[in-house]
Amino acid sequence: MQTALTLYHYWRSSCSWRVRWVLALKGVPYESIPVNLLQGEQKAEAYLAVNPSGQVPTLKVGERCLSESMAIIEWLEETYPYEPILPKDPWDRALVREMALMVVAGIQPVQNLKVGRFYSEDQKQREAWNKHFIEEGFQALEKKLAAYPGPFAFGSQLTLADIALVPQVYNALRVGVEMRRFPRIEAIYSHCIKTDECEKAAPHRQPGAQP
Ligand SMILES: N[C@@H](CCC(=O)N[C@@H](CS)C(=O)NCC(=O)O)C(=O)O
């Protein structure tokens with residue numbers, strides 16, 4: 001019998017989307033528990049017991065909890081090795097991880113809700129901050145991606161690089177990043193968003209989603 005999986009997540013969280021996408025790709029069923037970040041549910045005592053960082057996502061596997069989207073995704077990849085999201089060759093795997101980390105470690109952390117709120121009370125200023133760091137990160141990534149053919153970030157196969165990038169583009173669009181400046185990234189987004197698993201994991205398909 002398979003151990004039950006529970007995902008704590010928020011509909012608009014890019015880190016949650018990454019994990020939902022991999023779960024969808026590998027066809028792994030899970031119970032969904034929404035954590036409303038705008039209402040501060042991530043800081044509630046009950047949730048901090050699940051994840052002391054007060055962030056989503058967290059995957060509960062039986063009675064064990066795992067946070068950090070990259071750790072969760074790598075665990076899923078090793079536990080359900082079909083539909084792989086990392087190439088076989090070690091150098092290629094490192095390149096894919098490099099692209100993913102440019103987003104996951106380089107861009108996303110500085111536009112977290114808690115960072116933005118510490119920076120400014122003003123929504124417009126927070127959006128300008130996010131836009132600045134997304135554009136800076138995308139400029140570098142666009143140059144990296146130029147070395148690889150499409151339609152995905154690393155060629156003809158979906159990889160972890162796409163899984164990190166697409167939810168970040170969704171955030172970029174929300175703060176008015178002009179995606180025509182980043183044609184390769186825009187093309188990857190347009191291609192991936194049409195795939196069933198990416199769409200199924202997308203924000204608008206999640207419980208609590210707002211228009
Ligand atoms: N490195 C973590 C980052 C998690 C993270 O930043 N989650 C955001 C949503 S995408 C969050 O829960 N923010 C809550 C807050 O800022 O209060 C991961 O990849 O899982």
Side-chain angles (χ1 to χ4, degrees), residues 5-25 28 30 32-61 64-79 85-86 96-123 125-127 129-131 133-134 137-138 141 159-175 177 189 198 201-210:
L5 301 191
T6 305
L7 182 68
Y8 295 80
H9 64 126
Y10 180 56
W11 66 278
R12 214 157 55 178
S13 146
S14 60
C15 309
S16 301
W17 187 353
R18 294 171 200 155
V19 173
R20 291 192 302 254
W21 189 350
V22 176
L23 285 163
L25 195 68
V28 181
Y30 62 95
S32 165
I33 302 202
V35 178
N36 190 318
L37 299 187
L38 291 183
Q39 288 175 13
E41 288 178 4
Q42 72 277 29
K43 303 289 180 205
E45 226 171 280
Y47 184 68
L48 291 175
V50 171
N51 180 358
S53 304
Q55 294 183 320
V56 289
T58 301
L59 186 71
K60 200 164 169 197
V61 182
R64 299 176 300 170
C65 290
L66 188 62
S67 64
E68 288 295 333
S69 60
M70 288 296 110
I72 299 170
I73 289 171
E74 296 247 7
W75 179 81
L76 288 169
E77 176 75 347
E78 287 166 15
T79 308
I85 53 165
L86 285 168
V96 165
R97 287 190 175 109
E98 177 193 42
M99 287 179 196
L101 286 168
M102 284 172 80
V103 173
V104 171
I107 303 177
Q108 187 272 331
V110 284
Q111 39 170 310
N112 221 326
L113 205 57
K114 64 180 176 186
V115 176
R117 282 181 174 156
F118 189 73
Y119 164 64
S120 172
E121 293 293 312
D122 182 76
Q123 177 71 17
Q125 279 195 349
R126 290 207 293 259
E127 283 180 13
W129 163 281
N130 287 350
K131 187 166 181 273
F133 285 107
I134 295 171
F138 277 6
L141 199 52
T159 65
L160 182 61
D162 306 287
I163 289 160
L165 181 58
V166 169
Q168 187 59 59
V169 175
Y170 170 84
N171 282 351
L173 293 168
R174 283 180 57 214
V175 295
V177 171
Y189 178 80
C198 178
H204 69 276
R205 297 279 304 269
Q206 308 312 312
Q210 308 275 323

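One-based numbering, in listed order, for ligands and for the atoms of each. No experiment lies behind these values; they were computed from the predicted model shown.
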Side-chain donor/acceptor pairs under 3.5 Å, residues 102-112, sequence neighbours excluded:
none

Return all side-chain donor-acceptor pairs below 3.5 angstrom for residues 32-45, not counting sequence neighbours, or 'none' if the list is empty.
residue: Ser32; atom: OG; partner: His9; partner atom: NE2; Å: 2.7
residue: Asn36; atom: OD1; partner: Leu38; partner atom: N; Å: 3.0
residue: Asn36; atom: OD1; partner: Gln39; partner atom: N; Å: 3.0
residue: Glu41; atom: OE1; partner: Asn36; partner atom: N; Å: 2.8
residue: Gln42; atom: NE2; partner: Leu37; partner atom: O; Å: 3.4

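Residue contacts with ligand 1, taken as heavy atom pairs separated by less than 4.0 Å, involve Gln42 solely via side-chain atoms from C-beta onward.
Within the set Pro167, Ser67, Gly40, Cys15, the minimum heavy-atom distance to atom 10 (S) of ligand 1 is found for Cys15.
Protein heavy atom in closest approach to atom 19 (O) of ligand 1: Ser69 OG, 2.7 Å. Here the heavy atom of the protein found nearest to atom 9 (C) of ligand 1 is Ser13 OG, 3.6 Å. Of the protein's non-hydrogen atoms, Glu68 OE1, 2.6 Å is the one closest to atom 1 (N) of ligand 1. For atom 3 (C) of ligand 1, the nearest protein heavy atom (residue, atom name, distance) is Gln55 OE1, 3.7 Å. Residue, atom and distance of the protein heavy atom nearest to atom 8 (C) of ligand 1 are Asn112 OD1, 3.4 Å.
At under 3.5 Å, a nitrogen or oxygen of Gln108, whether backbone or side chain, sits near a nitrogen or oxygen of ligand 1. Considering backbone and side-chain N/O atoms, Ser14 never comes within less than 3.5 Å of an N/O atom of ligand 1. By the 3.5 Å distance cut-off applied to N or O atoms, Lys43 is not counted among the residues near ligand 1. The shortest N/O to N/O separation between Val56 and ligand 1 falls below 3.5 Å.
Between the side chain of Ser120 and the main chain of Asp122, a donor-acceptor pair closer than 3.5 Å is present.
The shortest separation from a heavy atom of Arg18 to ligand 1 is under 4.0 Å, placing the residue in contact.
Pro167 places a side-chain heavy atom less than 4.5 Å from the side chain of Trp21.
Looking only at atom types and distance, the side chain of Ser69 has a donor-acceptor partner in the side chain of Arg18 under 3.5 Å away.
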